[in-house]
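Below: the structure, in structure tokens.
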Number of protein chains: 2
Amino acid sequence: MGTRKENSTYSRNEKYIINCNMSYAVHVIGGRWKLLLLDKLRKGTSRYSDLKKEFSYISERMLTLQLKSMEEDGLIIRNVYAEVPVRVEYTLTPAAIELIPILDLLSAWGNRQRSLQE
Amino acid sequence: MGTRKENSTYSRNEKYIINCNMSYAVHVIGGRWKLLLLDKLRKGTSRYSDLKKEFSYISERMLTLQLKSMEEDGLIIRNVYAEVPVRVEYTLTPAAIELIPILDLLSAWGNRQRSLQE
DNA sequence: TTACTTACTTACATGATTGTTCGTACCACA
DNA sequence: TGTGGTACGAACAATCATGTAAGTAAGTAA
């Protein structure tokens, strides 16, 4: 989510992952706060200040970073309204909406798995 | 996957994620090499040396770390055979087998999504 | 006694992600 | 002119994840 050094082993190893669609999908939702944000946005469009209020424990920096990353990966759309003060709204894309039921399956699996683990 | 400092913001923030089963599931499969290992093991039991040979680009340290983590999370079972030299085999647990079709859905989604992105 | 195989383990270094703090741009309104 | 609200951005620091290089343990065979 920042700049990367080329030619480190870490970078070079990426080629072994990059052609794995599963890894890609997990990467896309893998940021620390992305799932929480997806879960919020599935209930409807939110503006930046709403997210900031609801997730007050997420630093503003991380909030914008995760949102930007999700926008780049085609999970959300960012709409800017030229009002005063500015209003910025975030909405799920169709692709993200397709993802939701799969995440629900994952969630159910996680639930079962955790109850088994204790 | 190592020791953690308590009381850092990073640690404290965990409580906002820890009760999210989705995040748990993503965490469980989120290590860099876990999906590749799952994909290999779904085709059948493998011994350590097989994995090492197939994934020669993964350092031994990371290989054992990821395998141990997957074992702790109930994704794989580690069987040790008291032969000479030792033989250690890794097998998917039923829980991991339940996970496979969900991961296939994720993979299909990733495939669609990536073709849209370019 | 030494060498050999398998499956790790440890100490250390590098790179990536996340968090803290402060500052900015825009325009309205007093 | 100055204050206020929204939505960020940049510099820096802390923490986590990954990679490198070397060594270990157990047992058998030479």
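Because the structure is a prediction, the values reported are computed rather than measured. Every chain is numbered from 1, with letters handed out A, B, ... down the list of sequences.
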Any [X] side-chain N or O less than 4.0 Å from OP1/OP2 of [N]:
{"X": "B:N13", "N": "C:dT18", "result": "no"}
{"X": "A:T9", "N": "D:dT20", "result": "yes"}
{"X": "B:S11", "N": "D:dT15", "result": "no"}
{"X": "A:R47", "N": "D:dA7", "result": "yes"}

Quick test: give all pairs of protein nitrogen or oxygen and nucleotides 25-28 of chain C nitrogen or oxygen below 3.5 Å, distance rounded to 0.1 Å.
none

### Message
Parallel, tilted or perpendicular: which one describes the rings of B:Y48 and B:Y90, with boundaries at 30° and 60°?
### Response
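Geometry flag for B:Y90 against B:Y48: tilted rings.
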### Task
Assign each of A:R12 and A:R78 to its nearest nucleotide of DNA chain D by heavy atoms, then name whichever residue's nucleotide is nearer the 5' end.
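Closest to the 5' end, via its nearest nucleotide, is A:R78.
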With the side chain of [X] defined as its heavy atoms from C-beta on, choose the nearest nucleotide among [options].
{"X": "B:R61", "options": "C:dT10, C:dT6, C:dG15", "value": "C:dT10"}
{"X": "A:P85", "options": "D:dG5, C:dG19, C:dA7", "value": "D:dG5"}
{"X": "B:Y10", "options": "C:dT20, D:dT15, D:dG19", "value": "D:dT15"}
{"X": "A:Y48", "options": "C:dT18, D:dT20, D:dA7", "value": "D:dA7"}
{"X": "A:T64", "options": "D:dC8, C:dT18, D:dT18", "value": "D:dC8"}

Separation of [X] atom [atom1] from [N] atom [atom2], in whole Å?
{"X": "B:L63", "N": "D:dT20", "atom1": "CG", "atom2": "P", "answer": "14 Å"}
{"X": "B:D50", "N": "C:dT5", "atom1": "CG", "atom2": "P", "answer": "17 Å"}
{"X": "B:Q66", "N": "D:dT18", "atom1": "CD", "atom2": "C1'", "answer": "9 Å"}
{"X": "A:M62", "N": "D:dG9", "atom1": "CE", "atom2": "P", "answer": "14 Å"}
{"X": "B:E60", "N": "D:dA22", "atom1": "CD", "atom2": "P", "answer": "14 Å"}
{"X": "A:N79", "N": "D:dA7", "atom1": "CG", "atom2": "P", "answer": "13 Å"}
{"X": "B:E83", "N": "C:dA7", "atom1": "CD", "atom2": "P", "answer": "10 Å"}
{"X": "B:E89", "N": "C:dC8", "atom1": "CD", "atom2": "P", "answer": "12 Å"}

### Query
Which part of the nucleic acid does B:Y90 contact within heavy-atom distance under 4.0 Å: base, sugar-phosphate only, or nothing?
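If one applies the 4.0 Å heavy-atom cut-off, B:Y90 turns out to touch the sugar-phosphate alone, with no base involved.
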### Message
What contact category does A:S49 fall into here, base, sugar-phosphate, or nothing, at under 4.0 angstrom with non-hydrogen atoms?
### Response
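The answer is sugar-phosphate, as A:S49 gets under 4.0 Å only of primed atoms, P, OP1 or OP2.
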If we only count heavy atoms from C-beta on, is the [X] to [Y] side-chain gap below 4.5 Å?
{"X": "B:L65", "Y": "B:R61", "value": "yes"}
{"X": "B:Y16", "Y": "A:F55", "value": "no"}
{"X": "B:N21", "Y": "A:L106", "value": "no"}

### Message
Looking at B:K53, I want to see if its NZ is surrounded by more than 12 non-hydrogen atoms of other residues, nucleotides or ligands under 6.0 Å.
### Response
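Not buried by this count: 12 neighbours or fewer within 6.0 Å.
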### Query
Who is the Watson-Crick or G-U wobble partner of C:dA13, with both distances under 3.5 Å?
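By the stated definition (distances under 3.5 Å), D:dT18 pairs with C:dA13.
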### Message
My understanding is that a pair needs two contacts under 3.5 Å, Watson-Crick or G-U wobble. By that rule, which nucleotide pairs with D:dA29?
### Response
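Result: C:dT2.
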#### Entry: Whichever of A:Y57 and B:K52 has its nearest DNA chain C nucleotide further upstream toward 5'
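Mapping each residue to its closest nucleotide by heavy atoms, the 5'-most match is B:K52.
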### Task
For residues B:Q113 and A:Y24, report the shortest heavy-atom separation together with the two atoms involved.
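Heavy atoms only, the tightest pair is CG-OH, 3.9 Å.
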### Message
Check whether A:R112 reaches the backbone of B:A95 with its side chain - one donor and one acceptor, N or O, closer than 3.5 Å.
### Response
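No, because the side chain of A:R112 does not come within donor-acceptor range (under 3.5 Å) of the backbone of B:A95.
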### Message
So does B:L51 get a backbone contact from the side chain of B:S46, meaning a donor-acceptor N/O pair under 3.5 Å?
### Response
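Side chain of B:S46 to backbone of B:L51, a donor-acceptor pair under 3.5 Å: no, none is there.
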